[in-house]
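Reviewing the structure listed below.
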Amino acid sequence: MSARSSLGASISVLIGFGYFNGIIRANYISVFTTFMVDMAVLGVYLGALLNQTGLFRGIGKFPLASWVTALVLWPLIVSAVPQNDILVQFVAFRGTVWLLPIMLIATRLTDDDLRVIAITLAGLNIVALGAGLWCYVYGVESLYPVNAVTKIIYMSRDVAGGHLRIPSLFLSSAAYGGTMVGSLPYIVGRLFNTKNGTEKLWLIAGVFSALCGVALCAARAPVVAAGIMLLVAWLMSGLSLRVAIPIVLGLAAFATIVSSNERFQRLTSLSEKRVIVTRLQGSVNENFLDLLISYPFGAGMGSSAGTSIPYFLAHRAPKQIGLENEYSRILIDQGWIGLLLWLGFIAWVHFPIPHSIGSRSHIGIGITMMYSASVVTWCTAVIGSGTLSAIPGSILLLINMGVIVARRQQLAMSARRRPISRSLGARVPRMNPES
């Protein structure tokens, strides 16, 4: 139904499934709920193909389509080699490639589509904050039973007073915080481009809910990502005061929220050198070079540390190899070729930087934040896994990348048209007004 309305509505429904995926899976354990988001993604793909055919005509000729084909085809070839249990390899393959076509759909998103997504994200953030506050007051146990799906939630009892980190609607506190950070480019981008007072209040509430969520979840990685993202966005805007003022206000609000409660202050451990060194040693060290030498062709799909294996296939999973590092995961699953493909693709998406990406025209500030969010996500992927499998964080990331590519192509086409127009103008004689 949503696909018939617009791409923005379709993507918004998918993101909504992503927000509620964790709490549904935790309370209703089944094969169906495990693949609930996958079915929603399939609905988006079919809806785009059947109802938005004209938008995607000729898209196969675009460079992005070639990259997506290569990134899907190589894991498919690797999966055909029976190194591990076939079901485990299939699940790992699905986790690696199933979401990638979202980038192609994102290249066709209009300003109106992005407006719908931003308004939806603001509402979802408000709901997520409500769930987070419920967990804070009544305990995580009130929403999440102890089982195989929620294991990671109950491993995170390191908040002041021995409390659990707050997952809100998600399957981990990191997923909650990461999603809140990932929603900001869309909401803030729309906030700068609307004159509707009611809509502005709604979007401001979405931003405030996101900031509260980052503090409430007590995960440190989202704070680092958000800080770097905002700094990069400000630099790309040409140190614009228009961008700096809301950033400063947002940081001040966040600092006020964190300082108000001891349970929010796990984030302050980022100032301790020991904490940072320990985290880096677990994700980025000389062992990566050992893995690079030991597994030039990978160890088979599903072998890497960080692969999300459903509870009903856990007994079939091979021993996990690697580090808490997304690039290590790609290396172990796909070998040198897969890793080089991904590194090449990431570089192609982000460079060269579109020269007017931070302009006020179109949705410049939102695009700038999308770009900085994407760059920061891939840079910080060296200290964590799940970049391509986090729900709905990976969906937001891939939309960012598709929009960035579309924006750059739009600018390139405009640049090609201008010289042609000038040369035609020089050759065509002016009409004599008196003739």
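Just so it is clear, the model here is predicted, and its values are computed rather than measured.
Side-chain atoms of Gln89 come within 3.5 Å of backbone N or O of Val81 as a donor-acceptor pair. Using modelled atom types, no side-chain atom of Ser374 and backbone atom of Tyr371 make a donor-acceptor pair closer than 3.5 Å. Under the 3.5 Å distance criterion, the side-chain polar atoms of Ser142 are matched with a main-chain donor or acceptor of Gly139. A distance-only check finds a donor-acceptor pair linking the side chain of Ser156 to the backbone of Ile152 [under 3.5 Å]. For the pair Asn21 (side chain) and Phe17 (backbone), a donor-acceptor distance under 3.5 Å is absent. Judged purely by atom type and a 3.5 angstrom limit, Trp74 has no side-chain atom pairing as donor or acceptor with the backbone of Ile337. Although no hydrogens or angles enter the test, the distance criterion places a donor-acceptor pair under 3.5 Å between the side chain of Ser168 and the main chain of Ala128.
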Under the side chain to side chain contact (heavy atoms under 4.5 Å, CB included) rule, what do Leu388 and Leu99 come out as? Steps first, then yes or no, please.
CA-CA 8 Å; Leu388 293 173; Leu99 296 176; over 6 Å; no

After noting the C-alpha distance and the side-chain angles of Asp112 and Val116, does the key distance pass the side chain to side chain contact (heavy atoms under 4.5 Å, CB included) rule?
CA-CA 6 Å; Asp112 286 338; Val116 171; 5.7 Å; no

For a side chain to side chain contact (heavy atoms under 4.5 Å, CB included) check, start with the C-alpha distance between Phe90 and Met301, then their side-chain angles and the critical distance, and finish with the verdict.
CA-CA 8 Å; Phe90 172 76; Met301 297 292 289; over 6 Å; no

Go through the steps for Val403 and Thr107 under the test side chain to side chain contact (heavy atoms under 4.5 Å, CB included), then give the verdict.
CA-CA 5 Å; Val403 173; Thr107 62; over 6 Å; no

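Closest approach of Leu71 and Val97 over heavy atoms only: O-CG1, 3.7 Å. Across all their heavy atoms, Arg165 and Ser173 have their closest contact at CD-OG, 3.2 Å. Heavy-atom minimum distance, Ala106 versus Leu398: CB-O, 4.4 Å. Residue Pro222 comes nearest to Gly178 through the heavy atom pair CG-N, 3.6 Å, listed as atom of the first residue, atom of the second, then distance. The shortest heavy-atom contact between Ala131 and Leu143 is O-CD1, 4.1 Å. The nearest pair of heavy atoms linking Val88 to Leu313 is CG2-O, 4.3 Å.
Between the CG atom in Leu7 and the CG atom in Leu14 there is a gap of 12.0 Å [rounded to 0.5 Å]. Taking OG1 of Thr377 as the start and CE of Met229 as the end, the distance is 8.5 Å to the nearest 0.5 Å. Taken from CG in Leu339 to CG in Leu292, the straight-line distance is 7.0 Å, to the nearest 0.5 Å.
Judged by distance alone, the side chains of Thr33 and Ser30 do bring a donor and an acceptor atom under 3.5 Å apart.
Residues Ile187 and Asn125 are in side-chain contact: their nearest non-hydrogen atoms beyond the backbone lie under 4.5 Å apart. Looking at Leu73 and Ile77, their side chains come closer than 4.5 Å, going by heavy atoms from C-beta outward. In this structure, Glu141 and Tyr154 have side chains that are in contact, with non-hydrogen atoms separated by less than 4.5 Å. Counting heavy atoms from C-beta on, the side chains of Ile117 and Arg190 never come closer than 4.5 Å. Two residues are said to be in side-chain contact when any heavy atoms from C-beta on lie closer than 4.5 Å; Leu100 and Val72 meet this criterion. Between Met103 and Phe345, some side-chain heavy-atom pair lies under the 4.5 Å cut-off. The closest side-chain heavy-atom distance from Leu124 to Phe20 is below 4.5 Å. Considering only heavy atoms from C-beta on, Asn325 stays 4.5 Å or farther from Ile332 through its side chain.
At most 12 non-hydrogen atoms from other residues, nucleotides or ligands lie less than 6.0 angstrom from CZ of Phe32.
Arg25 pairs by the salt bridge (Lys or Arg N to Asp or Glu O under 4.0 Å) definition with nothing, not counting sequence neighbours. In terms of the side-chain contact (heavy atoms from CB on, under 4.5 Å) criterion, residue partners of Ile346 (sequence neighbours excluded) are, by chain and number, Tyr327, Trp342, His350, Trp378. Tyr138 meets the ring-ring contact (aromatic ring centres under 6.0 Å, His included) test with Trp134; sequence neighbours excluded. Scored by the ring-ring contact (aromatic ring centres under 6.0 Å, His included) test, Trp202 finds no partners at all (sequence neighbours excluded).
Sorted by first and then second residue, the side chain to side chain donor-acceptor pair (under 3.5 Å) pairs involving residues 294-304 (not counting sequence neighbours) are Asn84-Ser303, Ser304-Thr307, Ser304-Asp333. Residue pairs satisfying the ring pair (Phe, Tyr, Trp, His ring centres under 6.0 Å) criterion with at least one member in residues 165-188, sequence neighbours excluded, are listed as follows: Tyr19-Phe170, Phe170-Tyr176.
The six-membered or imidazole ring of Phe62 lies away from that of Trp67, with a centre-to-centre distance of 6.0 Å or more.
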